[in-house]
Number of protein chains: 2
Amino acid sequence: MGRPRSFDLNKALDRALHLFWRKGYEGTSLSDLTKAMGINRPSLYAAFGDKEALFRKALERYRGGPAAYTQEALNETTARAVVERLLRGAADLTTAPRNPGGCLTVQGALACSEAGDSIRQELTACRAAGEAAIRRRLEHAKSNGDLPADTDPADLARYVATIVYGIAVQAAGGARRGKLQRVIEMALRTLPL
Amino acid sequence: MGRPRSFDLNKALDRALHLFWRKGYEGTSLSDLTKAMGINRPSLYAAFGDKEALFRKALERYRGGPAAYTQEALNETTARAVVERLLRGAADLTTAPRNPGGCLTVQGALACSEAGDSIRQELTACRAAGEAAIRRRLEHAKSNGDLPADTDPADLARYVATIVYGIAVQAAGGARRGKLQRVIEMALRTLPL
DNA sequence: CAATATTTGTACCGATAGGTATTGAAAGCG
DNA sequence: CGCTTTCAATACCTATCGGTACAAATATTG
């Protein structure tokens, strides 16, 4: 019972996500958010909690939506296919015309004031978790003989993650998809697998 | 004539630089700055102009100081030495204990509000200029036969820059120097030179 | 219909943002 | 010394920040 909500939760969350994605956590104001989401402030707080809670929900939606390719990539059958799909997916995601340039987990809060430090740490942890997932997948590959014996899965995972982050910075600076694909060609041509 | 300035311009600028480096352009407030610089607000405005001008001066000092290794790297005699020194220098700079983690040109303003957009563009241009300098150096190397004929200097420069940016993001997330050196080993082992 | 539960809109809160007007202090020069 | 010039310090400006109190509006339930 009670008056029903007059807006769509997920649509509003998507708007918030795109804003955080483009302007970062601290660069996005509540006024920006309410305007883009088409709701007013008390409705936002009732539905999502404070700004920090809203960002975390947007991050969750990011991981389950635009960034979901990472899970699919990890399900590829060979280590090389995993790496290739991770890199190509990163270039596609960060340069898709319908998205803000770059990656939310990189530009959401790389450096910020004390007020944003909790979110900064959350994004750092999020990147570390992604890197750990790659490492585990590569460890599995190694135990299957799908990775050279002299290759350390942790090193390779960190290397792949580093290139993904670099691609995100390039995209934030306006790099086009084709240019990033050439970067990926260079990275792939010379991998130890 | 007139009353002499009671603080050291360059020392104050260094304090501002370290603050911007750690917290980004918008994450650093004027109160943060005046406190760290040991001066009060009107002195700051008289000596450096507004916040935006102060940041540009800090960026200039960054390029001429902590980031000056890039120029030295470009003066190396072989293309491989250039690339190696660029990468090793990036890891050293972004993980030096006496510095904030990461790179000012990456985390200074990757994503921000409209108010910071001018600085964001400046940093984007700064990164592009660095990449262009690498490309020109590699073009020169190619004309000297120091680069394989099938290697595009622009592609290689973009690849190197991408790894440098990735290293900066890793360092901002707390990565240690040793780990980044392993990333560099992987990148170097497989370069087309 | 009346009663209740929930959302909405407006208007506001204290705190802080970047930036400045003004006054008093400290130096050089005659 | 007295005059001028520059800097330093306090206090203040408007705008905006994230967050909320309160009352009007809209639905379900009896």
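Letters A, B, ... mirror the listed sequences (proteins, then strands); counts begin at 1.
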Tell me whether the side-chain N/O atoms of [X] come closer than 4.0 Å to OP1 or OP2 in [N].
X      : N       : value
S43(B) : dC7(D)  : no
S31(B) : dA17(C) : yes
S6(B)  : dA8(D)  : yes

Please determine whether any donor N or O and acceptor N or O are separated by less than 3.5 Å between the side chain of R3(B) and the base of dG28(C). no
Between the base of dG9(C) and the side chain of R41(A), is there a donor-acceptor distance below 3.5 Å? no
Tell me the interatomic distance from [X], atom [atom1], to [N], atom [atom2], rounded to whole angstroms.
X      : N       : atom1 : atom2 : value
L30(A) : dG18(D) : CG    : P     : 4 Å
L44(A) : dT8(C)  : CG    : P     : 11 Å
D50(B) : dA17(C) : CG    : P     : 16 Å
D8(A)  : dT7(C)  : CG    : P     : 15 Å
R5(A)  : dT6(C)  : CZ    : C1'   : 10 Å
K35(A) : dT16(D) : NZ    : P     : 11 Å
F55(B) : dG19(C) : CZ    : C1'   : 19 Å
D32(B) : dT16(C) : CG    : P     : 12 Å

Pair [X], [Y]: side-chain N/O donor-acceptor within cut-off below 3.5 Å:
X       : Y       : answer
S113(A) : R120(A) : no
D117(B) : Q121(B) : yes
R41(A)  : S31(A)  : yes
R15(B)  : T34(B)  : no

Residue whose closest nucleotide on DNA chain D lies nearer the 5' end, N40(B) versus K51(A): N40(B)
The answer to which of P42(B) and T28(A) contacts DNA chain D further toward the 5' end, by nearest nucleotide, is P42(B)
In L188(B), L180(B), L191(B), the residue satisfying side chain to side chain contact (heavy atoms under 4.5 Å, CB included) with L87(B) is L188(B)
Return whichever of P4(A) or G2(B) has its heavy-atom-nearest nucleotide of DNA chain C closer to the 5' end. P4(A)
